[in-house]
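Remember, it's 1-based here, ligands and their atoms both numbered in the order they're listed. Computation of the quantities below employed the complete heavy-atom set of this structure, encompassing side-chain atoms and omitting hydrogens, waters and symmetry-equivalent molecules.
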Amino acid sequence: MAHNLLKGKKGIIFGALDEKSLAWRTALRCVEEGAEIVLTNAPVALRMGEINKLAEICKAPVIPADVTITDDLKNLFTKSMEHFGGKIDFVLHSVGMSLNVRKGRSYTDLDYDFSLKTLNISALSLHRVLQTAYQMDAINDWGSVVALTYIAAQRAFPDYSEMADAKAMLESVARSFGYHYGIKNKVRVNTVSQSPTPTTAGSGVKGFGGFIGYAEKMSPLGNASADNCADYLVTLFSDMTRMVTMQNLYHDGGFSFTGVSNAIMDALDKE
Ligand code: NAI
């Protein structure tokens, strides 16, 4: 059910790859809630062509941008402001990639050239997006920027590997930039720490089936789905959350604050 929570708002959504993507689900919900959006992804991801389906449904232009290239981001903000005829109200950073995980390198055998690329794509990119917008004065006062993260930034999850370090940095950037953008334009910057979700990036984690099943059993409410995540993000882009900034917000059905659940105890008791 739509409530027009984003009526009149204009947003940029990074990272919709296919219909499972958290960004894809969020784009649909934002438009349902009355927003106008621009979609963006890396040129290589756009070549798959899937995003055109979403663009059609959302009546949104697709503007290519690699998050590691500042000129791409400048072009994205310039073209988006031309399209909207004004500044942007919200940005979703839904981007992540681990070169070492992709190449099958474990956390105790990292290739550091890969690691630097991983950090650049998955963490420093949030700073690059924010700094580009800040210097171009591209976001309206009381705007909202959200990046997606995972609890491996706080707790050890062995197979999440170097992405844990990337997420810790991403959350730190949200906090630090949130201060500066808050002072300048009252723009809020937060991260949302989402349950494991079956998407292309999610399924790249080794043993993802076990991972998602464990989280489901540990969370009093069960895992939050991609559509649940989209709903939550809509609230964070809306005017209902104007004083929330510099936070890492758990959206995980209670996983992060559960020590152990009966479901896990029962399963282990049977061993
Ligand atoms: P996804 O694979 O659908 O999305 C990842 C996106 O990053 C893709 O669209 C990809 O094209 C984009 N990307 C990669 N390199 C890029 C670059 N250089 N420039 C621009 N875009 C680039 O997977 P998902 O799960 O929707 O991931 C979105 C975000 O959510 C990621 O930050 C991920 O770490 C985070 N997240 C995912 C969880 C999961 O279990 N799926 C759980 C918690 C957080």
Side-chain angles (χ1 to χ4, degrees), residues 12-28 39-51 54 62-73 75-76 91-99 101-102 116-126 128-129 146-155 157 159-171 173-174 191-216 219 223-230 232-233 248-253 255-256:
I12 300 180
I13 297 200
F14 287 79
L17 183 68
D18 57 35
E19 59 181 25
K20 289 194 215 136
S21 299
L22 295 166
W24 187 292
R25 313 310 308 171
T26 306
L28 292 173
L39 296 165
T40 182
N41 210 325
V44 56
L46 296 182
R47 264 181 243 135
M48 282 173 51
E50 281 286 294
I51 201 170
L54 179 65
V62 180
I63 303 175
D66 182 321
V67 287
T68 64
I69 301 175
T70 304
D71 281 347
D72 279 13
L73 295 175
N75 178 59
L76 170 67
V91 176
L92 174 64
H93 176 289
S94 184
V95 175
M97 224 249 286
S98 165
L99 274 293
V101 168
R102 190 173 265 203
L116 289 172
K117 286 191 179 132
T118 299
L119 290 174
N120 199 9
I121 295 169
S122 310
L124 201 55
S125 60
L126 178 62
R128 203 183 292 274
V129 167
V146 177
L148 291 173
T149 186
Y150 184 58
I151 194 178
Q154 286 80 31
R155 312 271 156 82
F157 288 83
D159 292 325
Y160 205 71
S161 192
E162 65 178 356
M163 275 304 274
D165 304 331
K167 292 304 192 192
M169 183 178 174
L170 181 83
E171 292 172 18
V173 167
T191 49
V192 164
S193 187
Q194 164 68 10
S195 295
T197 319
T199 62
T200 303
S203 312
V205 179
K206 203 169 120 204
F208 190 71
F211 210 57
I212 205 168
Y214 171 73
E216 173 75 23
S219 313
N223 286 332
S225 69
D227 285 329
N228 294 149
C229 182
Y232 188 42
L233 293 174
N248 179 42
L249 304 160
Y250 290 104
H251 183 255
D252 63 1
F255 177 88
S256 42

Please list, in number order, the atoms of ligand 1 under 4.0 Å from a heavy atom of Q194. 42 (C), 43 (C)
Name the closest protein heavy atom to atom 19 (N) of ligand 1, giving the residue it belongs to and the distance to 0.1 Å. V67 N, 3.0 Å
Taking the side chain as everything from C-beta on, heavy atoms only, tell me whether I121 gets closer than 4.5 Å to L99. yes
Protein residue, atom and distance nearest to atom 40 (O) of ligand 1, heavy-atom basis: T197 N, 2.7 Å
Beyond-backbone contact of S94 with I13, side-chain heavy atoms, under 4.5 angstrom: no
Would you mind telling me which of L39, V62, L17 makes a side-chain contact (heavy atoms from CB on, under 4.5 Å) with L54? L39
On a heavy-atom basis, the closest approach of A152 and A164 is O-CB, 3.3 Å
Beyond-backbone contact of Y250 with Q154, side-chain heavy atoms, under 4.5 angstrom: yes
Is the shortest N/O to N/O distance between Y150 and ligand 1 below 3.5 Å? no
Heteroatom distance test (T68, ligand 1): nitrogen or oxygen, under 3.5 angstrom: no
Among K117, H93, K167, the residue with a heavy atom nearest to atom 32 (O) of ligand 1 is K167
What part of A65, side chain from CB on, backbone N/CA/C/O, both or neither, has a heavy atom under 4.0 Å from ligand 1? backbone
Residue pair Y150 / P196, side-chain heavy-atom distance below 4.5 Å: yes
Is it the side chain (CB and beyond), the backbone, both or neither of T149 that lies under 4.0 Å from ligand 1, heavy atoms counted? backbone
The residue among D72, V95, N120 that forms side-chain contact (heavy atoms from CB on, under 4.5 Å) with V67 is V95
Do V205 and F157 make a side-chain contact, defined as non-hydrogen atoms from C-beta onward lying under 4.5 Å apart? no
Closest non-hydrogen protein atom to atom 22 (C) of ligand 1, residue and atom name please, with distance? V95 CG1, 3.5 Å
What is the nearest protein non-hydrogen atom to atom 15 (N) of ligand 1, stated with its residue, atom name and distance? I121 CG2, 3.6 Å
Kindly confirm or rule out an N or O of M163 lying under 3.5 angstrom from an N or O of ligand 1. no
Is there a side-chain contact between T149 and S193 (heavy atoms, below 4.5 Å)? yes
Per-atom filter on ligand 1: closer than 4.0 angstrom to a heavy atom of A45 are 11 (O)
Is the closest side-chain heavy-atom distance between L126 and F14 below 4.5 Å? no
Per-atom contacts, ligand 1 versus P196 - under 4.0 Å to a heavy atom: 40 (O)
Top protein contact for atom 37 (C) of ligand 1, by heavy-atom distance: L22 CD1, 3.8 Å
Side-chain contact test, heavy atoms from C-beta onward, threshold under 4.5 Å: evaluate it for T70 versus R128 and give yes or no. yes
Which residue and non-hydrogen atom of the protein lie closest to atom 3 (O) of ligand 1, and at what distance in Å? S21 OG, 2.6 Å
For L148, take its heavy atoms, then give the atoms of ligand 1 lying under 4.0 Å from any of them. 29 (C), 30 (O), 32 (O), 35 (C)
Could you tell me the residue and atom name of the protein heavy atom closest to atom 29 (C) of ligand 1, and the distance to it rounded to 0.1 Å? S94 OG, 3.5 Å
Which ligand 1 atoms does D66 reach within 4.0 Å, using its non-hydrogen atoms? 17 (C), 18 (N), 19 (N)
Pair H251-C229, side chain to side chain contact (heavy atoms under 4.5 Å, CB included): steps then yes or no: CA-CA 7 Å; H251 183 255; C229 182; 4.1 Å; yes
Measure the distance from atom 42 (C) of ligand 1 to every protein heavy atom, then report the residue, atom name and distance (to 0.1 Å) of the closest one. S195 O, 3.5 Å
